[in-house]
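Report on one structure; see the data block that follows.
Residues: numbered from 1 along the sequence shown. All figures in this text were calculated on a predicted structure; none of them were measured in a lab. Reckoned from all heavy atoms, side chains included, excluding hydrogens, waters and symmetry mates. Ligands are counted one by one from 1 in listed order, and the atoms in each one are counted from 1 as well.
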Amino acid sequence: MTAIDTILNRKSIRRFLPTQVPKELIEKVLALASRAPSGTNVQPWKVYVLQGEVRNNFCAEIKAAFLSGSDEYKSEFNYFPAKFKEPFLGRRRKIGFDLYGLVGIEKGDKERMKAQHARNFDFFDAPVGLIFTIDKGFGQGSYLDCGMLMQNVMLTAKAEGLDTCPQGAFAPYHTIIRKHLGASEEETILCAMSLGYADPAAPENSLETERAPLSDFVTFLG
Ligand SMILES: Cc1cc2nc3c(=O)[nH]c(=O)nc-3n(C[C@H](O)[C@H](O)[C@H](O)COP(=O)(O)O)c2cc1C
């Protein structure tokens with residue numbers, strides 16, 4: 001695959017096969033991904049690879065916390081705006097409606113929407129869950145570095161026949177996550193990612209997302 005093929009073929013996968021991913025392949029993906037740039041090459045990230053019983057126990061506790069509906073779980077950092085405005089609101093709604101449509105969830109069916117969201121916490125059945133953290137001493141600028149690492153993971157995985165889904169959904173559960181990882185209070189739990197082999201028969205994996213035309217977001221000056 002060329003770099004362009006890899007970019008065009010990557011997409012978020014939300015149902016994985018139970019096929020295990022060899023450790024050597026995970027290591028290869030992460031080693032290649034770590035070629036990501038970072039400001040002054042500080043490489044402020046850490047990656048935790050969850051598999052087997054550790055993964056299962058991790059998922060079970062976080063899923064239970066989500067299903068409890070408790071409001072005690074809050075992200076350590078702001079991701080989305082407090083109030084969405086256009087054109088972002090429309091884009092956000094579209095992916096929700098498109099995904100729910102593919103899996104047969106009707107508008108307003110809150111129970112099934114919640115169950116679909118809960119699938120995040122099973123890593124969409126992927127056998128491998130990745131957690132990305134950065135040292136708390138670093139500011140928001142360093143989140144860029146980790147985003148580049150994550151993009152490299154997704155593209156390298158794709159080039160190696162694997163698929164991924166980046167998952168901000170885990171962020172509110174950082175206290176539980178930290179405990180399972182054995183991570184220190186000095187790490188910000190930034191994002192999770194499912195890693196595995198896509199289930200080609202799953203309707204949710206046929207979701208194709210659009211992108212705005214250049215004229216909507218590019219300004220040529222000079
Ligand atoms: C930082 C980040 C967090 C995301 N969090 C979630 C998530 O929690 N659950 C989910 O299903 N998708 C999540 N996504 C996937 C986006 O919905 C997806 O990237 C977007 O709709 C574009 O689709 P594509 O990845 O298939 O191109 C996340 C993506 C990014 C970049």
Side-chain angles (χ1 to χ4, degrees), residues 1 3-16 33 36 44-45 47 50 58-59 62-63 65-67 73-81 84 87-103 105 112-126 128-134 140-159 162-174 176-177 188-200 202-213 216-217:
M1 264 198 219
I4 292 173
D5 290 336
T6 313
I7 289 168
L8 292 175
N9 283 313
R10 184 218 57 83
K11 62 180 189 169
S12 295
I13 287 300
R14 295 185 179 85
R15 191 173 289 273
F16 290 82
W45 48 66
V47 184
L50 307 182
F58 174 93
C59 287
I62 294 178
K63 193 171 173 182
F66 168 70
L67 291 174
Y73 302 106
K74 296 215 167 31
S75 179
E76 295 181 275
F77 58 91
N78 289 329
Y79 186 177
F80 291 125
F84 271 92
F88 314 114
L89 181 63
R91 292 175 187 162
R92 179 178 168 81
R93 285 201 171 128
K94 177 162 173 40
I95 188 207
F97 288 142
D98 288 352
L99 177 62
Y100 295 146
L102 285 171
V103 295
I105 300 176
R112 288 198 59 203
M113 279 152 77
K114 188 173 178 183
Q116 175 62 34
H117 189 75
R119 287 195 38 72
N120 271 287
F121 308 114
D122 288 323
F123 287 116
F124 299 112
D125 305 332
V128 184
L130 303 177
I131 305 292
F132 296 82
T133 75
I134 60 166
Q140 288 162 324
S142 297
Y143 294 14
L144 298 171
D145 300 339
C146 198
M148 290 183 207
L149 175 76
M150 290 178 61
Q151 178 71 351
N152 269 5
V153 170
M154 293 189 282
L155 293 179
T156 310
K158 187 75 233 177
L162 291 159
D163 277 289
T164 53
C165 185
Q167 293 175 267
F170 281 89
Y173 305 100
H174 54 92
I176 303 175
I177 294 174
T188 300
I189 311 292
L190 263 195
C191 203
M193 188 185 290
S194 300
L195 176 71
Y197 296 95
D199 178 349
E204 54 269 58
N205 290 344
S206 64
L207 179 65
E208 295 289 348
T209 54
E210 296 171 355
R211 296 297 187 271
D216 279 16
F217 70 100

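With sequence neighbours excluded, the residues that form a side chain to side chain donor-acceptor pair (under 3.5 Å) with Ser194 are Gln167. Scanning for ring pair (Phe, Tyr, Trp, His ring centres under 6.0 Å) contacts around Phe77 gives Tyr143, with sequence neighbours left out. Among residues two or more places apart in sequence or in another chain, the side chain to side chain donor-acceptor pair (under 3.5 Å) test is passed with Glu210 by none.
Sorted by chain and number, the residues within 4.0 Å of ligand 1 by heavy atom are Arg10, Lys11, Ser12, Arg14, Tyr79, Ile95, Asn120, Phe124, Cys165, Pro166, Gln167, Gly168, Ala169, Thr209, Arg211.
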_Phe123/Phe16 under ring-ring contact (aromatic ring centres under 6.0 Å, His included): CA gap, chis, key distance, verdict_ = CA-CA 9 Å; Phe123 287 116; Phe16 290 82; 9.4 Å; no

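Counting only heavy atoms from C-beta outward, the side chains of Cys165 and Arg14 approach each other to under 4.5 Å. Looking at heavy atoms from C-beta onward, Val47 lies in side-chain contact with Leu149 at the 4.5 angstrom threshold.
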